[in-house]
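Letters A, B, ... mirror the listed sequences (proteins, then strands); counts begin at 1. Please read these numbers as outputs of a predicted model, since none were measured by experiment.
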Amino acid sequence: MTFKDQVLAIVKKIPKGKVLTYQEVAKRAGSPNASRAVGSILKKNFDPKIPCHRVIRSDGIAGEYNRGRSNKIKLLKKEGYIK
DNA sequence: GAGCTGACATGTT
DNA sequence: CAACATGCCAGCT
């Protein structure tokens, strides 16, 4: 099980109505400061089980889901996860 | 095996 | 307060 798999597993396990920051995911994966690695991994492992839009930055802003933020981010905003 | 790239974070200017 | 520059870690070529 590599860091990559850990990250993927963690993101996949994000329950509904919950979001994690890149730092949180990286932290759980075993590297608290591997925020960049987390994004890079999600990018290459684009699984439908991986809700990238549920993984946000420390700022509370969603990252770039699929090289361009999806409208789903807008839903997250409505949910109250993003400012 | 080494180097480059990247969907970020934090600090400083 | 906003923008720029540097550093971090892992993956890919």
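Between A/Arg57 atom CZ and B/dG6 atom C1' the separation is 12 Å, expressed in whole Å. One atom, CG of A/Leu42, and another, P of B/dT5, lie 21 Å apart when rounded to the nearest Å.
Taking each heavy atom of A/Phe3 and A/Ala37 in turn, the nearest pair found is CE2-CB, 3.9 Å.
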* Show your reasoning for whether side chain to side chain contact (heavy atoms under 4.5 Å, CB included) applies to A/Val19 and A/Val55. => CA-CA 6 Å; A/Val19 291; A/Val55 185; over 6 Å; no
* Asked: What does nucleotides 7-13 of chain C look like as a protein-contact string, B for base, S for sugar-phosphate only, - for none, at under 4.0 angstrom between heavy atoms?
  -> BBBSSS-
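Of the charged side-chain nitrogens involved, none lies within less than 4.0 Å of a carboxylate oxygen, so that A/Lys49 and A/Asp47 do not count as a salt-bridged pair.
Between the A/Asp5 side chain and the A/Thr2 main chain, a donor and an acceptor come within less than 3.5 Å of each other. Side-chain N or O atoms of A/Thr21 include one that pairs as donor or acceptor with a backbone N or O of A/Glu24 at under 3.5 Å. No donor-acceptor pair closer than 3.5 Å links the side chain of A/Tyr81 to the backbone N or O of A/Ile61.
One finds the OH atom of A/Tyr22 at 10.5 Å from the OG atom of A/Ser40 (value rounded to the nearest 0.5 Å). To the nearest 0.5 Å, atoms CG (A/Leu75) and CZ (A/Arg54) are separated by 10.5 Å.
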Using the 3.5 Å cut-off, write out each protein N or O paired with an N or O of nucleotides 10-13 of chain B and the distance between them.
from	atom 1	to	atom 2	distance (Å)
B/dT10	OP1	A/Gln23	OE1	3.1

